[in-house]
Amino acid sequence: MSITIPKVYEPGKIERKWYQFWHKQGYFTPKIDPERKPFVVIMPPPNVTGELHLGHALTDTLEDIMVRWHRMKGEPTLWLPGTDHAGIATQVVTEQKLAKQGLSKNGLGREEFLKTAWEWANKSREAINHQHQVIGASCDWTRERFTLHEKPSRAVRTAFVRLYNKGLVYRGERMINWCPRCLTALSDLEVTHKDIAGHLYYIRYPLDNQGFITVATTRPETFFGDTAVAVNPEDERYKDLIGKHVILPIINKEIPIIADDAVDVSFGTGALKITPAHDSTDFEVAERHNLPLVNIMNPDATMNENTGPYAGLERFVCREEVVAELKHEGLLEKIEPYAHSVGHCSRCQTMVEPKISWQWFVRTEPLAAEAIKAVEEGSITVIPERFNKIYFDWMENIKDWCISRQLWWGHRIPVWYCHDCGELTVAVDEPSHCLHCGSKQIVQDPDVLDTWFSSALWTHSTLGWPEDTDDLRYFYPTSVMETGYDILFFWVARMIMMGLEDTGEIPFHTVYLHGLLRDESGDKMSKLKGNVINPLQAIEEYGVDALRFALTTGSSPGNDINLGEGKLKSSRNFVNKLWNTSRFILQSIDAHGIADDSQLIASTIEDRWINSQLSRLIRDVNWLMEDFQFGEAAQQIYDFIWSEFCDWYIEIAKICFHSRSKPSPLPFLINTLEKSLRLLHPFMPFVTEELWQSLKEHSPDKVQMPDSIMIAPYPTAADTAIDPEAEQVMNCVIEIVRSIRNARAEHKVKMDKWIEAEIYNDELLPHLIWQKDIMEKLARVKPLAILSRQRRNPARGEALILVLKEAEVVLPWAGMVDVRAEHKRLTNESELTEARIRTLETRLKDEVFLSKAPPRVQEKDKEKLAMLQDKLRRLHLELSQLSSE
RNA sequence: GGGCGGUUAGCUCAGUGGUUAGAGCGCCUGUUUUACACACAGGAGGUCAGAGGUUCAAGUCCUCUACCGCCCACCA
């Protein structure tokens, strides 16, 4: 039977097949085994606002790598998928969809609107789940969750009620950020500050008797809401004016001049207009001085009746008109250009208004204290470490969290107001009557909760909390929370707070923060921004494995990732290389056959070498994975397969196949490929499964091999031994071969012809005397990879070139034979001069120093330490010898 | 204003005190070679931002400077 495999890997043909196979086999669903510690990852739930973008592909890939790796290590592994209802985002999308049909949110009414939103969300969820599968995410679909489904919703209500009962959730009239377009309150985090090239307006407020005081403001239109002018009590310029009054222009309202430390003497004129209802600093000043609040805006940021003739104007139009009027009245002293930072809605980029409003808040300070402790004490590890500081800074300065949103889409706040007694009923389940007076005239709070409130519970709500489920007991706390650093505050920090609060335990042991994928202009890719690249396109062109590999390699934790076409291509090429490597090995099995009792006994130097390199790789990869350095691990596997296995071992193997005296390299070819596939499987699951299955078909060990590479054990370092001697010899061989190739290139002559010509050169004849000897040695170390692509070329010819490079020829044996004896013999038998020998000796010393590079992975690595110490000793020794000479 | 990151080949980026600082892409030369041209072989290309310091040894650790980027922050 001959094996026919296409020359080029076609990913589209197998990806779907294997995902369905794994899914059907139930590999994604862990078995609860109380004897074993589980590995648990809860997927950051994507928003149901659209399809997945590259950022999700990155998250999926990194988590899948961890999860597949741990699963292969034999741990009961749960990766729980889910989606997030994404409050504002979904509502905005739904509104836009309705608008296209000429419908409006208010026209439809709450119930109908929600129906439309649900339709969209369900469709979106389906698409998202499908895409996770395309990417190869080995998550447990039997446990899939959606934030708005009954169980997570119940967890949300329970958490709210518990916090309320503990006094950690309260309702208050506070200064909040208001988006005039979304018509809802926003938390501080949902506000993005942008530098605006604005102006500083100097406005004269006439004093009640005579003269005026000039205030500087960026928002002249808010003066309608002024209830005082504040100056610093220490400011000599204004000391006499404190307690006096000014008359607001246009509306002729009298307000006092007060003294407050908050005023910066050096800024503007040193006099600050106080607009308590529209500025948070002013609000605080007003609270200290018991000033009244005057609201001058409608919710949509048009001016209200308190602005007299300007009522109904949009805020910026009003500004222009107010400025014109003040100028007209001679009250505008000057306008200076002024760059300042202004808050914008992170969803719709509308300038937010600070606004006094009744909202629900979480009292975060006590929660944060515990959350800080968890990281400080090391119960939770953050990778990379530098985010610790950022986390602490935020947590230590945390402010109360505004959690109510004036939206329809989301978890309705579980609070009912009594029409009769005015008291609140706060309950997990809808009450039939007021718990205080028994009245049935109760109405639920119309608002919903911030999406991040439900997200904050995600680690435990997905596992069944508040019920005491098997899942919760076994899988909680989870192992790793893997997500982008951009939602450290939004999500990670809040999960730690809420996890600790609700369960008394940390929600996860490790936080792994990846970087952000950016577009050409360096902007963050995000939904609703329109600069999102669909990963499906990349998958279509290059295959999932290539995309996953491109996302993983060449990046490090916490650093932003740039995904170029080049990287995708090279990853695709690597997949194809792997494909063809396997193709060659399978064809070799077919052509040469393999004995059923063939054994892995490394008798030749190249077998010992590849075995050693593989062992080294396995050891390093395991350590790197342990240390969350997936990019580096993938890179090392790539380098091994391409540069060592393919470029050298396989090329040597080809010679071996054609030699009668050498053992078949097949056992080592198969062993190396099979282990490489397993090492690579977490990174590129599809192609490795496909190749592994083919290999299994043809392997003498097929009976012992499991049904899928997914459940095969991950290679561990104990598999084979590292063999420094073999490595050293092969390094020398490689060096020789390189020098030969250089020589060839130098002469720019085709090998055969060049040798033919040189052979008859009289100068060469003396060297030919010991050529035979060299040939024997060459045979011993098998450096004949050089012949790989010159099969018709006699080995003799290649070896001749070695002769020309006598120094290089002698050196390689330093590590494997008695060096001194070798030298002596050469001294006697060849024409080497004394001077030449000295040179060789020096080079030899160097050679010993320059043996194989120590492994890049350190710590834990005693071997390396020993090597270093050894080197150090030699170095000192040599230095002392030099100085004594 | 505070904090964090970055600065390494033409480009995009790895690099965990230790050999001659690497990869991918691009560029140059050569190769149709029965695994792979999505390949093979060879090559050019680096004052590792700058200046000091610690060390037997610094791209890597310390200090300062410059530039780029990000995050946080109520100076109107």
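So that the names make sense, note that chain A is the first sequence line, chain B the second, and so on, each numbered from 1.
- Between Tyr205(A) and Phe223(A), the angle of the ring planes lies from 30° to 60°, which puts this pair in the tilted group.
- In the set A23(B), C38(B), A76(B), C38(B) carries the atom at the smallest distance from any side-chain atom of Val8(A).
- On the P atoms, U47(B) is 30 Å away from A39(B), given to the nearest whole Å.
- You'll find that the side chain of Phe489(A) is closest to C71(B), out of C71(B), A76(B), C74(B).
- Put simply, the side chain of Lys7(A) and the base of C36(B) share no donor and acceptor less than 3.5 Å apart.
- Minimum atom distance to the side chain of His193(A) is reached by A73(B), of the listed G5(B), A73(B), C38(B).
- In this structure, Ser556(A) reaches the sugar-phosphate backbone alone: every heavy-atom distance under 4.0 Å involves primed, P, OP1 or OP2 atoms, never a base.
- Note: CG (Leu513(A)) to C1' (C4(B)) measures 13 Å, nearest angstrom.
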RNA chain B base-pair string [pairs: Watson-Crick or G-U under 3.5 Å; |: paired with another strand]: (((((((..((((....[...)))).(((((.......))))).....(((((..]....))))))))))))....
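- Taking the six-membered ring where tryptophan is involved, the planes of Phe645(A) and Tyr649(A) are essentially parallel, since the angle between them stays under 30° and well short of 60°.
- A perpendicular orientation is assigned to the rings of Phe683(A) and Phe549(A), their planes being inclined by more than 60° (bins at 30° and 60°).
- Distance from the side chain of Lys389(A) is smallest for C4(B) among the nucleotides A35(B), A76(B), C4(B).
- Not counting sequence neighbours, the partners of Asp235(A) by the side-chain contact (heavy atoms from CB on, under 4.5 Å) test are Asn232(A), Arg237(A), Tyr238(A), Val265(A).
- Taking the side chain as every heavy atom from C-beta outward, Ile176(A) and Leu186(A) never approach each other to under 4.5 Å.
- The separation of C48(B) from C61(B), taken at their P atoms, amounts to 16 Å, rounded to a whole angstrom.
- Under a 3.5 Å cut-off, the side chain of Asn580(A) and the backbone N or O of Arg583(A) do not form any donor-acceptor pair.
- Proximity note for Glu632(A) (side chain, C-beta onward) versus C40(B), A14(B), G5(B): the nearest is A14(B).
- Of the C1' atoms belonging to A21(B) and C13(B), the separation is 14 Å, rounded to the nearest Å.
- Within the nucleic acid shown, Phe549(A) has no heavy atom closer than 4.0 Å to any nucleic acid atom.
- Checking C36(B), A76(B), U16(B) against the side-chain heavy atoms of Trp623(A) singles out U16(B) as nearest.
- Across the protein-nucleic acid pair, Leu669(A) atom CG and A35(B) atom C1' stand 11 Å apart, rounded to whole Å.
- At C74(B), one or more side-chain N or O atoms of Lys399(A) fall inside 4.0 Å of OP1 or OP2 (strictly under the cut-off).
- Applying the 4.0 Å criterion to OP1 and OP2 of C40(B), one finds that Lys577(A) has a side-chain N or O inside that range.
- One can find a donor-acceptor pair under 3.5 Å joining the base of C74(B) and the side-chain atoms of Thr281(A).
- At A39(B), none of the side-chain N or O atoms of Trp579(A) fall inside 4.0 Å of OP1 or OP2 (strictly under the cut-off).
- Distance Ile176(A) CD1 to C74(B) P: 15 Å, rounded to the nearest Å.
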Could you list, one pair per line, each protein nitrogen or oxygen that sits under 3.5 Å from a nitrogen or oxygen of nucleotides 24-28 of chain B, together with the distance?
from   : atom 1 : to        : atom 2 : distance (Å)
G24(B) : O2'    : Ser570(A) : OG     : 3.2

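- Judged by closest nucleotide on RNA chain B, Gln629(A) is the one of Gln629(A) and Thr581(A) placed further toward the 5' end.
- Between G3(B) and G52(B), the distance separating the two C1' atoms is 25 Å to the nearest Å.
- Between Ile390(A) and Arg572(A), the residue anchored closer to the 5' end of RNA chain B is Ile390(A), taking for each the nucleotide with the nearest heavy atom.
- Distance from the side chain of Cys646(A) is smallest to A35(B) among G5(B), A35(B), A76(B).
- Remark: the Glu336(A) side chain and the Tyr202(A) side chain contain an N/O donor-acceptor pair separated by less than 3.5 Å.
- With hydrogens and angles disregarded, a donor-acceptor distance shorter than 3.5 Å links the side chain of Asn576(A) to the backbone of Tyr9(A).
- By the 30° and 60° cut-offs, the orientation of the rings of Phe267(A) relative to Tyr338(A) is perpendicular.
- Note on Val263(A): a base of the nucleic acid sits closer than 4.0 angstrom, heavy atoms only.
- Of the possible polar contacts, none joining the His289(A) side chain to the Glu287(A) backbone as a donor-acceptor pair under 3.5 Å is found.
- If you take atom P in C4(B) and the same atom in G10(B), they sit 31 Å apart, rounded to whole Å.
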Verdict with reasoning, Glu353(A) to Arg219(A), per salt bridge (charged side-chain N to carboxylate O under 4.0 Å, His left out): CA-CA 12 Å; Glu353(A) 281 295 333; Arg219(A) 301 200 62 187; 2.7 Å; yes
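- Contact check, Tyr201(A) against A76(B): no side-chain N or O comes under 4.0 Å of OP1 or OP2.
- At distances below 3.5 Å, at least one donor-acceptor pair connects side-chain atoms of Asp264(A) with backbone N or O atoms of Ser266(A).
- Picking from A35(B), A76(B), A41(B) the nucleotide with the shortest atom distance to the side chain of Glu651(A) gives A35(B).
- Comparing U16(B), A23(B), A76(B) against the side chain of Gln635(A) picks out A23(B) as the nearest.
- U7(B) sits 14 Å from U12(B) when the C1' atoms are compared, rounded to a whole Å.
- Counting any heavy atom pair closer than 4.0 Å across all strands shown, Lys273(A) reaches no nucleic acid atom.
- For the P atoms, the distance linking A57(B) with C25(B) amounts to 38 Å, nearest Å.
- The CD1-P distance, from Ile561(A) to C13(B), rounds to 11 Å in whole Å.
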